[in-house]
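Residue numbers count from 1 along this sequence.
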Amino acid sequence: MKFDTPAGKNPIDQLKVVGQPLNRIDGPLKTTGHAPYAYERHDAVAAPAYGYVVTAGIAKGRVSSIELDAARRSPGVLAIVTADNAGPLQKSQRNTAALLGGPEISHYHQALALVVAETFEQARAAAGLVKVRYTTQKGAYDLAAAKKAGTHFQKTDPDARVGDFEKAFGEAPVTLDALYHTPDQSHAMMEPHATLAAWEGDKLTVWTSNQMIDWGKTDLAKTLGLPKENVRLISPYIGGGFGGKLFVRSDVLLAALGARAAKRPVKVALSRPQIANNTTHRPATLQRIRLGATAQGTLTAIGHESWSGNLPGGSPEEAIQQTKLMYAGAHRLAGLRLAQLDLPEGNAMRAPGETPGLMALEIAMDEMAEKLGLDPVEFRIRNDTQVDPANPQRPFSQRQLVQCLRDGAQRFGWDKRNARPGQQRDGRWLVGMGVAAGFRNNLVMKSGARVRLDANGQVTVETDMTDIGTGSYTILGQTAAEMLGVPIEQVTVKLGDSSFPASAGSGGQWGANSSTAGVFAACTKLREAVAAKLGLDPATATFADGQVSGGGKRFALGKAAAGGELVVEDSIEFAELEEKFQQSTFAAHFVEVGVDVATGESRIRRMLAVCAAGRILNPKTARSQVIGAMTMGVGAALSEELAVDTRLGFFVNHDLAGYEVPVHADIPHQEVVFLDETDPVSSPMKAKGVGELGLCGVSAAVANAIYNATGTRVREYPITLDKLLAGLPAIG
């Protein structure tokens with residue numbers, strides 16, 4: 001099905017099942033321990049062996065020797081895989097560095113070997129006997145130093161310019177020119193990267209934790225030099241990913257290589273330090289923001305430049321992308337600068353680009369509002385735009401940012417905020433309120449599904465879409481139930497298997513909208529097949545209450561499959577609508593904080609998110625996504641930072657004891673409001689994504705609230721108490 005014209009009225013608009021706050025249909029399996037995750041696939045193969053990864057102890061250089069004899073003699077050892085005996089391996093499209101290193105070493109903890117043994121303990125003990133000697137080379141590990149030197153940076157693309165930014169900024173009566181810093185961050189998902197691999201002849205099956213099944217299958221086949229049809233990737237349940245599992249990592253490749261070498265199934269899980277340094281992370285940024293405005297508060301010049309680093313061949317953190325579209329302004333500059341750093345690979349983490357970009361931009365907007373003597377909410381509203389600022393002929397398909405801000409301000413009691421910082425006290429706590437706008441582009445991807453109907457009226461949906469804790473099972477079941485007129489209990493959803501039709505996968509906030517649209521397309525085709533079987537006009541046939549009716553006739557849905565199961569397959573393909581309309585999602589985040597007047601400890605007291613993200617397919621699962629994202633934003637604001645050893649080139653705090661994420665005690669009750677919105681330009685579902693929008697802007701709202709509480713402006717995240725102490729009022 002091609003989606004090339006805005007959606008008209010269709011069966012989804014009935015909202016009998018879609019749009020309802022249904023419980024997650026996979027919830028009972030997860031809460032009772034019956035959901036099979038990759039490392040615990042005891043049902044999949046018999047007597048698997050265990051692999052333990054040996055990783056590089058330096059960040060840059062070469063392996064001069066690797067001694068394996070002692071490890072080979074260790075009890076239980078079945079095989080040891082290194083680059084010397086793994087056979088030819090290609091580097092896939094989506095991995096910046098080789099997943100199995102040697103002799104060249106690209107980054108700290110790059111995988112160098114896999115020891116396979118009968119038990120995990122035997123594999124770990126033997127891995128400790130592997131002796132690697134290195135020739136170390138000088139590396140670059142310090143983003144700030146690279147920026148200061150200047151020579152290490154390159155432009156990945158030409159600067160995006162509209163008008164004459166430098167002239168407009170120079171002539172503006174009110175200006176801001178500030179530098180902001182966001183640190184390296186870890187995905188820190190609950191389930192580690194883990195894989196079970198088994199060979200049957202030259203065919204490989206991997207049970208793994210992966211967000212994008214078709215990408216993973218394609219990349220693994222390319223790396224191993226196999227035909228794509230010889231690889232099957234299975235990932236029905238994923239314990240969190242946040243972008244860290246978009247691509248196959250070393251656990252997948254090494255499990256496959258280990259299983260081939262040991263001639264039996266092998267399972268591999270990465271340890272927490274390996275997850276931090278061996279997989280991907282959100283790269284640090286340095287961002288210069290320049291704003292120029294009239295005395296009345298109209299932005300005339302908007303400049304945003306971002307510096308980030310990555311391995312050779314890697315991409316920059318796209319921290320400027322929201323600034324191109326967020327606010328009106330006739331003269332604009334947006335530019336990315338990329339340094340070659342020898343740290344582990346930087347890549348996508350929840351809302352890549354917009355998350356760090358808004359961490360800076362939305363502080364800058366508050367700083368500019370203060371310079372102008374304007375309320376921060378009013379300043380943002382005053383500079384709203386309904387069109388792409390670089391192309392005014394291209395309107396937003398839907399843009400309710402102003403409504404988000406106004407609704408949020410009213411609900412949060414924004415009028416009670418004292419505009420003068422440091423004026424409100426609650427005992428020993430300095431209290432402040434902050435606001436930030438949220439923005440995330442609405443991306444769509446081709447997505448397919450297969451739908452089956454049996455004689456009992458039972459419907460089965462099959463697609464390689466994944467559920468990373470987001471509720472995919474439920475919303476896909478709701479879509480099929482709505483389209484075919486059956487209760488959701490009559491729908492079985494099967495996900496995460498590359499033998500199913502390729503879907504959009506889970507990433508980029510495109511998963512829910514695109515994959516449900518794929519199921520919509522397949523169900524549309526099934527409706528036509530059912531109508532044809534029953535002798536009805538598919539254009540006028542009605543599907544409701546398990547019945548199909550039309551032309552004075554009425555049949556049970558299952559009757560269409562009385563002669564055998566009906567099976568159809570289709571996909572949704574998105575055409576040129578995204579070129580005619582700018583499709584984005586918007587939010588307003590409001591936060592109240594308390595800062596201890598003596599210690600500088602910051603505590604979140606209240607949080608509110610008001611979101612405009614198209615039709616909400618399931619308000620309960622969508623709310624869960626947003627409150628999880630808000631929690632993640634608190635972590636980014638107050639505690640999360642991968643600390644870089646700039647001498648040796650690795651992340652020091654590479655476990656969940658040293659990398660501090662929020663816990664229950666850090667998070668108060670969170671309120672989430674979804675504006676009533678449908679977007680016919682987006683998809684037949686008239687929906688958009690919301691899981692990443694819920695993060696975008698949260699950290700800046702926290703930062704702005706802390707400033708309102710204390711009068712201390714912090715432009716370097718995380719906002720730890722040492723950055724506040726000097727500015728706190730004297731006590732005693």
Handout entry: Quiz item: cation-pi between R332 and F165, 6.0 Å / 45°
Key =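 So R332 doesn't make the cation-pi contact.
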
Problem - R603 to W429, cation-pi by 6.0 Å centre distance and 45° axis angle - result: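 So R603 doesn't make the cation-pi contact.
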
Rounded to the nearest 0.5 Å, how far does [atom2] of [Y] lie from [atom1] of [X]?
X	Y	atom1	atom2	result
S209	I238	OG	CD1	5.0 Å
N513	L617	CG	CG	7.0 Å
I289	L361	CD1	CG	5.0 Å
Y717	M359	OH	CE	5.0 Å

Practice task
List the steps and the verdict of salt bridge (charged side-chain N to carboxylate O under 4.0 Å, His left out) for E367 and R715.
Solution key: CA-CA 11 Å; E367 293 196 61; R715 298 188 180 113; 2.7 Å; yes

Exercise for the section: In plain terms, say whether R282 and D184 are close enough for a salt bridge, that is, a side-chain N and a carboxylate O under 4.0 Å apart. Expected result: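 No.
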
Practice task
Using a strict cut-off of less than 4.0 Å between a Lys/Arg side-chain nitrogen and an Asp/Glu carboxylate oxygen, indicate whether D384 and R380 qualify as a salt bridge.
Solution key: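 No, no charged N to carboxylate O under 4.0 Å.
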
Handout entry: No-hydrogen, no-angle side-chain donor-acceptor test under 3.5 Å, T323 and Q321
Key =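 Q321 and T323 do not have a side-chain donor-acceptor pair below 3.5 Å.
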
Practice task
With salt bridge (charged side-chain N to carboxylate O under 4.0 Å, His left out) as the test, would you mind laying out the steps for E166 and R161 before giving the verdict?
Solution key: CA-CA 10 Å; E166 283 80 7; R161 289 181 173 273; 3.0 Å; yes

Exercise for the section: Using the six-membered ring wherever Trp is involved, compare the ring planes of F590 and F412 and label them parallel, tilted or perpendicular (cut-offs 30° and 60°). Expected result: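 Aromatic pair F590/F412 classed tilted.
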
Practice task
Could you check if a side-chain atom of P421 sits within less than 4.5 angstrom of a side-chain atom of T710, using non-hydrogen atoms only?
Solution key: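 Result no, sub-4.5 Å side-chain heavy-atom pair not found.
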
Handout entry: Centroid separation F379 to Y327 less than 6.0 Å
Key =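 Here the rings of Y327 and F379 have centres that are no less than 6.0 Å from each other.
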
Exercise for the section: Could you walk me through whether K688 and D679 pass salt bridge (charged side-chain N to carboxylate O under 4.0 Å, His left out), step by step? Expected result: CA-CA 8 Å; K688 296 177 182 176; D679 194 337; 2.9 Å; yes

Exercise for the section: Using the salt bridge (charged side-chain N to carboxylate O under 4.0 Å, His left out) rule, take E671 and R606 through it: C-alpha gap first, then chi angles, then the decisive distance, then the call. Expected result: CA-CA 8 Å; E671 185 180 358; R606 291 190 294 140; over 6 Å; no

Problem - N310 (side chain) donor-acceptor with P316 (main chain) under 3.5 angstrom - result: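 Not confirmed, N310 side chain does not pair with P316 backbone.
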
